[in-house]
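First up is the structure itself, then whatever we jot down about it.
This one's a predicted model, so the numbers in the text were calculated from it and none came from an experiment. Each chain gets a letter, A, B and so on, in the order its sequence line appears, and its residues count up from 1. Excluded from the calculations below are hydrogen atoms, water molecules and symmetry mates; all remaining heavy atoms, backbone and side chain alike, are included.
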Number of protein chains: 2
Amino acid sequence: MTSTTASLAHAASGGWIAPRPKLVPATRGSATKINSTAPEAPNETTALLTLFRAHAFEQHFQPGSTVLLHGDTADAIYLVVSGTIRCCTVDSEGHRQIFSFSKKGEFVGISDMDIWHFTAEAVDHVILKSIPRSTLEQELAVNMSLRQEVRAYVRALLMRRERQMLTLIIAKGPDRLYQFLKEFAATRSGTGHVVLPMCRRDIGDHIGLSMEGVSRAFSRLKRQGLIDLKSHDRFKIVEDTDRTARPRPQLARA
Amino acid sequence: MTSTTASLAHAASGGWIAPRPKLVPATRGSATKINSTAPEAPNETTALLTLFRAHAFEQHFQPGSTVLLHGDTADAIYLVVSGTIRCCTVDSEGHRQIFSFSKKGEFVGISDMDIWHFTAEAVDHVILKSIPRSTLEQELAVNMSLRQEVRAYVRALLMRRERQMLTLIIAKGPDRLYQFLKEFAATRSGTGHVVLPMCRRDIGDHIGLSMEGVSRAFSRLKRQGLIDLKSHDRFKIVEDTDRTARPRPQLARA
DNA sequence: CGGTAAGTTGAGCCGTGTCAAGTTTAGTGG
DNA sequence: CCACTAAACTTGACACGGCTCAACTTACCG
């Protein structure tokens, strides 16, 4: 046993017996409103959504269960109705990298063609709409605007990954956390406190910090008055009234 | 002036007046052989290559000149005939992230649709074939297998970026350099020493180290006998005869 | 042969991982 | 409703990697 953290990560990601999701026909007209500024789907996706409205079935997932597994045949595509999904890869030594948290109105699995190149797991209780990949492929063959949408969508994913790489290298821990929180809060419409569905380790595997590092970064952001941390999973970005005054919103030594 | 390194990076990437590339009709049948295991084009790309064979023009670039600039209209796509190109983004403070070095037989600019989301610069003397984007778009509308190729290509780019993110977080400096060198050497057919066209800073901006860090990593790899460093830009991966013997090819403390 | 750019190496410092306590929170059963 | 327990989170001490600054070496070019 090389490391306890590694085995823990493994247990949380792939070791569990995934609860079989119950297949339920989608309730027609259940109005899944799409936030077009959502991080993983920043473009117009009317054609894709139309596809989901026409053919989708709903699936429920327990917290921690596996939605799709790296290496399996990619025979469906998904749309998150509620809850949060983490998309990640795990290397041979148990290290995990979470590329994105997919929330309400965001797609999962659009980029792959034959085999999943990543793993998706439910963070909390998740409801998903899914349609067979064959349906997508058939429609792609005849629907020009759908093709453009999918192309723009994958291109946006690529840009996002490159931006993530850049910030991983440049920004220090607290800066990365702040960016993540700001982005996360932006997808939530309300003005009150935002609830974080994922744990510290998940956040760490997303922004490249250890669990403890995330905790320290939270404390520092709170101490500096950049966030209002009500409880360990409820926060609010403190509006910076004079952002133009300070040349760099970088972190002070405090 | 906040930092000398930042301004240097800026000068090298965007500040120069780019020498205008000379437009030369492509010599027919100049047999650009494609290495299908090339990092940035790991899939079959016969349809794309056919397109280049039919319509391409050749362009020459001086070392350091800009091939395409972030924000400009993406009105062409490129195929590297010879030389090396660095594809990167530069943030507002001058930090640079090089996502890939594109070499002979690799495409550049396939993923974008309207505006370049990155900058490409010639590392050494570069010869490029290019075709108008409109040609690609017209062909995409009618050519199913070309669509599949482009889709597979962009998906491969996405996977590559995610793998890069993972190694950035997990592996330490020398490990990252070793991976990079091994990958780079793999695209060169010969059995002798491999020539590195790019400088230490370029490598650093690619694997997330400072210039000095790269130098130290080189020294360490050499000291441990993992690479044979003939000169500062000529190396060879030392064949590990008993790779199975050691459980992890990780770096020793030496 | 001197000058400039690129690369190497050393000293000191800061950020963050690890290990090891504490502390809070949520869940469970009396 | 409260006590108990387990899991998650927080915080501190220490070590190590890598950045920065600075000096030196090497290679290249006029």
Using a strict threshold of under 4.0 Å (side-chain N to carboxylate O), is an ion pair present between A:R86 and A:E121? yes

Could you state the [atom1]-[atom2] distance from [X] to [N], rounded to the nearest angstrom?
X: B:D175; N: D:dG17; atom1: CG; atom2: C1'; result: 12 Å
X: A:I169; N: D:dG18; atom1: CD1; atom2: C1'; result: 13 Å
X: B:L196; N: C:dT8; atom1: CG; atom2: P; result: 11 Å
X: B:F235; N: C:dT8; atom1: CZ; atom2: P; result: 13 Å
X: B:K230; N: D:dA27; atom1: NZ; atom2: C1'; result: 16 Å
X: A:R176; N: C:dT16; atom1: CZ; atom2: P; result: 6 Å
X: A:K172; N: C:dC13; atom1: NZ; atom2: C1'; result: 12 Å
X: A:L168; N: C:dT16; atom1: CG; atom2: C1'; result: 14 Å

cation_pi(B:R200, B:F218) dist<6.0 Å, angle<=45: yes

Classify the nucleic acid contact of B:G204 as base, sugar-phosphate or nothing, counting any heavy atom under 4.0 Å across all strands shown. nothing

Establish, yes or no, whether a centroid distance under 6.0 Å links the rings of B:H206 and B:F101. yes

Validation row, ring centre A:H70 to ring centre A:H117 under 6.0 Å: no

Any N/O pairs under 3.5 Å between the protein and nucleotides 5-10 of chain D? List them or say none.
from: D:dC9; atom 1: OP1; to: A:R200; atom 2: N; distance (Å): 3.4
from: D:dC9; atom 1: OP2; to: A:R200; atom 2: N; distance (Å): 3.2
from: D:dT10; atom 1: OP1; to: A:R200; atom 2: NH2; distance (Å): 3.2
from: D:dT10; atom 1: OP2; to: A:R200; atom 2: NE; distance (Å): 2.6
from: D:dT10; atom 1: OP2; to: A:R200; atom 2: NH2; distance (Å): 3.3
from: D:dT10; atom 1: OP2; to: A:S215; atom 2: OG; distance (Å): 2.8
from: D:dT10; atom 1: O5'; to: A:S215; atom 2: OG; distance (Å): 3.0

Earlier contact from the 5' end, DNA chain C, for A:D233 and A:A171: A:A171

What closest approach, in Å, do B:F118 and B:D112 show between heavy atoms, and which atom pair accounts for it? CE2-OD2, 3.4 Å

Which pair of heavy atoms, one from A:I98 and one from A:D202, lies closest together, and at what distance? CD1-O, 3.4 Å

